[in-house]
Amino acid sequence: MADSDAIAPYAAHFTRPLADVAKDLESYAQLLRRWQAVQNLVSRETLNDVWSRHFADSLQVLKLLKAGDRAFLDLGSGGGLPALPLAVALKSPNHHFTLIEPNGRKVSFLRTVARELGLVVAVEGLRSDQVDSRETPVPDVITSRALAGLPTLCGWMQPFFGPETRAILHKGREHVEELAEAVPHWDFNVVVTKSDTDAEGVLLTLTDLRAKTVS
Ligand SMILES: C[S@@+](CC[C@H](N)C(=O)[O-])C[C@H]1O[C@@H](n2cnc3c(N)ncnc32)[C@H](O)[C@@H]1O
C-alpha cells in the first residue's frame with residue numbers, strides 16, 4: 001500500500017491535490033524521524049506507521065469541519081498532531097493555525113516544519129493556561145489530542161471559546177467517564193463520532209462550552 005492510500009479517504013476535503021499534500025506529509029515524516037533522535041515526538045512503536053497512526057488519525061477531523069472554518073487552535077501540539085497534517089491539507093492564505101506547546105525543543109521542531117513546508121502557523125511556546133486568549137484570534141475550531149482529561153481540557157479551552165467555536169477532540173475509550181466527570185462543572189453540547197483509525201477511539205465535538213454557575 002502506498003503511504004498516500006492512508007490519507008486518500010480525506011482528499012475530498014483538501015484545498016489542493018492529494019499528491020501535493022502527500023509530498024508535504026512525506027517531508028514532515030522525514031523531519032519527525034530525524035528529530036525523534038533528540039526529542040521524543042511520537043511513541044517509538046508508531047514511528048514506522050506515521051501515515052495511518054498519525055496522519056490519517058489527524059486528518060479525520062476534516063470530515064467534521066464546516067465550509068467557513070478558517071481559524072484553528074491546537075492545545076498541547078507535541079510533534080504537531082493533529083494540527084500540522086490539518087495545516088498541510090488546508091494550506092491556503094485563508095486558513096490560520098495557532099499551536100500551543102510549552103516544551104522548547106518541540107516548539108523548535110514545530111517552527112522548523114512550518115518554515116520548511118511554508119505553512120501559516122503560529123507557535124506559542126507556553127502552557128495553555130499561560131496564553132492570553134485576548135491576544136489570540138477567536139478560533140472556529142479547537143483541536144487537542146492526548147493532552148488532558150476532559151474536565152481539565154474544558155478549563156483550558158473555555159477562555160478561547162467564541163459563540164461559534166467548536167472543539168473537536170481526539171479521545172479514547174475513557175471518554176464516557178471523562179464526559180461524566182465534566183458534566184457537573186461544565187455546560188456544553190456534545191456529538192460523539194467513532195474514530196476511523198482507532199477501534200476504541202472517538203472524536204468529541206463540543207459546542208457552547210460554559211462553566212456551570214454554582215447557585
Ligand atoms: C502526550 S503529548 C501529545 C502531543 C500531540 N498532541 C499528539 O497527539 O501526539 C502532550 C503534549 O502536551 C504538552 N503539554 C503539557 N501540558 C500542557 C499544557 N498545560 N498546555 C499545553 N500543552 C501542554 C506536552 O509538552 C506534550 O508535548
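This one's a predicted model, so the numbers in the text were calculated from it and none came from an experiment. Each ligand, and each atom within it, is numbered from 1 in the order the structure gives. We're numbering straight along the sequence, starting at 1.
- Using modelled atom types and a 3.5 Å distance limit, the side chains of Thr197 and Gln60 yield a donor-acceptor pair.
- Contact check for Ile7 versus Phe14: side-chain heavy atoms found under the 4.5 Å cut-off.
- In this structure, Gly79 falls outside the shell of residues with a heavy atom less than 4.0 angstrom from ligand 1.
- No side-chain donor from either of His170 and Ser195 sits under 3.5 Å from a side-chain acceptor of the other.
- The nearest heavy-atom contact from the protein to atom 19 (N) of ligand 1 is Trp156 CH2, 3.3 Å.
- Counting only heavy atoms from C-beta outward, the side chains of Thr136 and Ile100 never approach each other to under 4.5 Å.
- Short contacts between ligand 1 and Gly78, defined as distances under 4.0 Å to a heavy atom of the residue, involve ligand atoms 4 (C), 27 (O).
- At a 3.5 angstrom cut-off on N or O pairs, Arg145 counts as close to ligand 1.
- By heavy-atom distance, the residue among Gly80, Ala83, Ala146, Ser128 lying nearest atom 2 (S) of ligand 1 is Ala146.
- Not close to ligand 1: Leu75, with no non-hydrogen atom less than 4.0 angstrom away.
- Of all the heavy atoms of Pro82, none lies under 4.0 Å from any atom of ligand 1, so neither backbone nor side chain is involved.
- Nearest-heavy-atom check against atom 4 (C) of ligand 1 across Gly104, Pro102, Gly76, Ser43 picks out Gly76.
- Checked for salt-bridge contact, Arg145 and Asp57 meet the test: a charged N lies under 4.0 Å from a carboxylate O.
- With a heavy-atom cut-off of 4.0 Å, His170 does not touch ligand 1 at all.
- Among all non-hydrogen protein atoms, the one lying nearest atom 13 (C) of ligand 1 is Glu101 OE1, 3.4 Å.
- Under the 4.5 Å side-chain criterion, counting only non-hydrogen atoms from C-beta, Phe188 is in contact with Leu179.
- At least one heavy atom of Leu147 sits under 4.0 Å from some atom of ligand 1.
- Set against the non-hydrogen atoms of Lys106, the atoms of ligand 1 under 4.0 Å away are 26 (C), 27 (O).
- Side chain of Lys171 to backbone of Glu178: no donor-acceptor contact under 3.5 angstrom is found.
- Put simply, the side chain of Arg166 does not reach to within 4.5 Å of the side chain of Leu64, judged on heavy atoms.
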